[in-house]
Amino acid sequence: MITELFSVTEADVGRVISDFTHRLQRDGVETVAREVLRTLVPVESEVQDRNGLWFLMRVRPYRTVEDRIDGVVLTFVDITERLEMERQLLESKQRYQMLFNSIDEGFCVLDVVMDDVGTPIDYRSVEVNTAFQKQTGLHDAEGKTISELVPGQDEAWDPWVKNYGRIAATQVAERFELEAVPLDRFYEVFAFPIEGKNLLGVLFRDIKARKEAETHREMLTLELSHRVKNSLAVVKALARKPIAADLTAKEYRERFVGRIQALALAHDQLLETSWRSADLGVLAEATLKPYRTRRRELEINGPNVTLAPKQGVGMALILHELATNAVKYGSLSVEEGNLIVSWDLVRRPDGAKSVRMSWMEREGPEIGSPAADGFGTKLIQRTVAYELDGTVELSFGPEGLTVKLEFPQTQGDR
């Protein structure tokens, strides 16, 4: 090895090392040797030759058998292969770390903490990726147990501890979905054993939004089924109503179809909001739009009010019924007639809000109170009572029909 690095032979024994050329990429070997002789402290350093090979150079004092310092001993150990392995290992670790931190799912290495009898009681985060904090909201998690990160919530973490303890004991990977109540999150988890006692790799992501959407879809399906049955019941009741003596078959058909269209209007708006709500203003505008003319005043005003699905369907029927009666008997039967539909939100004694709504027809033909409630009046009264859970008052005055109704606002204003 020395003969390859320094141009020396056996005949050169006794000559100083500075007399020889060498293949090292650095000079100063003689300087190092002098320093070792001066301090008697061995020196190690890594050096490279001109061929790219690496050596561990050791320089230490040389003691004779008489225990006298008589120069230095210079040795070279080829470490090229070792350094190459270290370089590859470092690159591999850097690639792993880059991958570890580039995924948007949370990933961590956990150490399941056991008690003296081998029962899992906690778990510690050994290593976490960058997305861990985003997925959990927990800071500085490495080296801490979950009971240290979220103190006072041991019972809430019991299902997690049991799951991780089981996987550590069986050494079988598992997928599961579990709610983390203290974090207000819901996770999809893949946990697998890794080399090392009670160590697990855990890949996870927050799926709370998805779980809420699934729950809403289930509720939506049930609500839709319920509302369709109710709507069919209304249609059946409308169809079974005997034809009044003063109505022709054409008039009856037009009224029947109009009521069905009112139901369809409410359903269309409910579908736009995934069956969550209906807007009172939109329903009123859509129902009364066909009756606007140049000479007729038609005023619709009120704050934004969001109705529950049941209320939306009921209100659509009520508005249609009132408009139909106004076209046949009231202010909408003449060009000069006008209509004011308004509503407001009022605070009830119990603190809840109610919708107070009025329908006022003016400048129409003079009307009097009917001798008996017709089907339209009964439909309005029943719908207010059962669909809106409210009250209604109809007043047939010489100036026109006035309807006042009030019902609780179950969805809040928007």
Where do [X] and [Y] come nearest, in terms of heavy atoms and distance?
| X | Y | result |
| --- | --- | --- |
| V112 | A168 | CG2-CB, 4.1 Å |
| R347 | K353 | NH2-CE, 3.5 Å |
| L388 | P408 | O-CD, 3.5 Å |
| E361 | A326 | OE2-CB, 3.5 Å |
| A323 | L288 | CB-CD2, 3.9 Å |
| R58 | L56 | NH2-CD2, 3.4 Å |

Those residues that, when tested against [X], pass side chain to side chain donor-acceptor pair (under 3.5 Å) (two or more places apart):
| X | value |
| --- | --- |
| T119 | none |
| E179 | none |
| R34 | E30 |
| E188 | R205 |

Open item on the list: According to side-chain hydrogen bond (donor to acceptor under 3.5 Å, both in side chains), does anything in residues 394-404 pair up with another residue at least two apart or in another chain? List the pairs.
Closed with: R362-T402
Open item on the list: Check this for me, if you would: do D206 and K208 make a salt bridge, where the nitrogen-to-carboxylate-oxygen distance has to be below 4.0 angstrom?
Closed with: no
- [ ] Hey, could you give me the CD1/CG distance between I121 and D158, rounded to the nearest 0.5 Å?
- [x] 11.0 Å
Task: Point-to-point distance, once rounded to the nearest 0.5 Å, from CE of M360 to CG of L401 - done: 11.0 Å
Task: Residue that, paired with F204, satisfies ring pair (Phe, Tyr, Trp, His ring centres under 6.0 Å) out of F176, F107, Y164, F132 - done: F132
Open item on the list: Under the rule for salt bridge (charged side-chain N to carboxylate O under 4.0 Å, His left out), what residues qualify as partners of D116, not counting sequence neighbours?
Closed with: none
- [ ] Check the surroundings of atom CZ in R87: do more than 12 heavy atoms from other residues, nucleotides or ligands lie under 6.0 Å from it?
- [x] yes
Open item on the list: Take a 6.0 Å sphere around CZ of F192 and say whether it holds more than 12 heavy atoms from other residues, nucleotides or ligands.
Closed with: yes
